[in-house]
Amino acid sequence: MRSRFLGIPEVTRTPAVAVVIDVLRAFTVAACAFDGGAEKIVLASSEEEALELKARHPGWLALKDGAPAPGFDAFNSPAMLATHDLSGRTIVQKTTSGTVGALAVADARLLLCASFVVAGATARLLRERGVREVTFVVTGEEGRAEEDRACAEYIGRRVESAEVDAEPYLRRARESRWAAELAQGARRGLPGVHPDDVGLCLEADRFPFAMLAGREGPLMVLRPVPAPPT
């Protein structure tokens, strides 16, 4: 399989197949939400849109990254999200990088969102679909985020072979600038950052599903899809 790696600013045309990577933390949070029973995740283009959607659908739960803001129910933190009852819920997610990256390639024929926790499942789905070329959108740091690039390369290798050691890729992510900043933020007690976040984000192949994004009417919706067996 041929792989291309692009930052969000480098996406100038819609690829046929795209895998959008946000390890720390958007698409780890999304995967944890599905594991907790969430039905679907609506990817919002702005905080204003997220709050408008929640206002029209009072049962929906809105989350964002960064500082707390009125109207939002949860932080973009996998550890903090575990305190919410998500069974059957719809989540509206707006983040600085992950949701922006997904919306940048919204018209791809096959669009997956991924992080380490669903890496193996994502690779198996790509293999089952017979994908020959994939564009990995490395969302962090305009394409330079080491944790996202490492995850993208790991998925690419897993498409070719199930016998790939995740540890070298996880080590790169663990030593990344953003992992260090999140850990420091947790030590400082910054709102929206939990001490367990980095560890939860760096668990390879934790969940057996991939995450498929697509348009549903005017909305961009992310849903879990079972991955083929190994």
Side-chain angles (χ1 to χ4, degrees), residues 1-31 34 41 43 93 95 97-170 172-173 176 201-216 220-230:
M1 185 186 75
R2 182 184 173 198
S3 298
R4 295 196 309 155
F5 304 91
L6 300 178
I8 296 172
E10 298 172 302
V11 177
T12 57
R13 62 181 181 84
T14 301
V17 178
V19 179
V20 184
I21 309 290
D22 191 329
V23 171
L24 297 169
R25 296 166 288 171
F27 296 139
T28 302
V29 167
F34 289 133
I41 295 174
L43 304 178
Q93 186 180 37
T95 68
S97 300
T99 58
V100 174
L103 292 169
V105 289
D107 293 321
R109 176 173 51 81
L110 175 63
L111 174 54
L112 300 169
C113 296
S115 60
F116 274 110
V117 294
V118 293
T122 302
R124 295 197 302 275
L125 185 62
L126 290 170
R127 189 186 312 125
E128 182 194 49
R129 299 285 182 96
V131 171
R132 298 191 176 204
E133 180 174 330
V134 61
T135 295
F136 289 99
V137 181
V138 178
T139 62
E141 300 179 44
E142 298 187 336
R144 297 186 300 274
E146 186 65 14
E147 69 280 359
D148 293 341
R149 179 62 184 251
C151 182
E153 291 179 8
Y154 176 61
I155 293 171
R157 288 289 309 282
R158 284 293 304 271
V159 173
E160 303 299 332
S161 171
E163 302 302 321
V164 179
D165 183 8
E167 182 52 35
Y169 301 92
L170 292 170
R172 288 167 55 189
S176 68
C201 290
L202 301 184
E203 295 183 11
D205 312 324
R206 179 179 171 191
F207 301 126
F209 53 81
M211 299 189 296
L212 181 66
R215 294 191 185 277
E216 297 185 14
M220 194 64 183
V221 176
L222 189 63
R223 293 183 183 272
V225 291
T230 304

Pairs of donor and acceptor atoms involving the side chains of residues 136-144, under 3.5 Å and at least two apart or interchain, shall be tabulated with distances.
{"from": "Thr139", "atom 1": "OG1", "to": "Ile21", "atom 2": "O", "distance (Å)": "2.7"}
{"from": "Thr139", "atom 1": "OG1", "to": "Asp148", "atom 2": "OD2", "distance (Å)": "3.4"}
{"from": "Glu141", "atom 1": "OE2", "to": "Arg177", "atom 2": "NH2", "distance (Å)": "3.4"}

Distance (rounded to the nearest 0.5 Å) between [X] [atom1] and [Y] [atom2]:
X	Y	atom1	atom2	value
Ile8	Leu103	CD1	CG	9.5 Å
Phe27	Thr95	CZ	OG1	6.0 Å
Phe34	Phe207	CZ	CZ	11.5 Å
Arg158	Leu126	CZ	CG	11.5 Å
Glu216	Leu222	CD	CG	10.0 Å

Using a 4.5 Å cut-off on heavy atoms from C-beta on, say whether the side chain of [Y] contacts that of [X].
X	Y	value
Leu24	Ser176	yes
Leu112	Val17	no
Glu160	Arg127	no
Thr12	Leu6	no
Val134	Ile155	no
Met220	Arg215	yes

Ignoring hydrogens, what is the shortest heavy-atom contact between [X] and [Y]? Give both atom names and the distance.
X	Y	answer
Ala108	Leu111	CB-CB, 4.3 Å
Thr135	Arg4	OG1-NH2, 3.1 Å
Ala150	Phe116	C-CZ, 4.0 Å
Ser115	Asp22	CB-O, 3.7 Å
Val118	Ala114	CG2-CA, 3.9 Å
Asp205	Gly120	OD1-N, 2.7 Å

- Query: Does CD belonging to Glu163 count more than 12 external heavy atoms closer than 6.0 Å?
  - Reply: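 No - once you tally the heavy atoms of other residues, nucleotides and ligands closer than 6.0 Å, there are 12 at most.
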
- Item | Check against side chain to side chain contact (heavy atoms under 4.5 Å, CB included), Val131 and Val159 | CA-CA 9 Å; Val131 171; Val159 173; over 6 Å; no

Measure from the side-chain N and O atoms of [X] to the backbone N and O of [Y], and report whether any donor-acceptor pair falls under 3.5 Å.
X	Y	value
Arg223	Leu212	no
Gln93	Ala26	yes
Arg157	Asp165	no
Thr122	Ala210	no
Glu128	Ala227	no

- Task: Using a strict cut-off of less than 4.0 Å between a Lys/Arg side-chain nitrogen and an Asp/Glu carboxylate oxygen, indicate whether Glu153 and Arg149 qualify as a salt bridge.
- Result: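 Salt bridge flag = yes for Arg149 with Glu153.
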
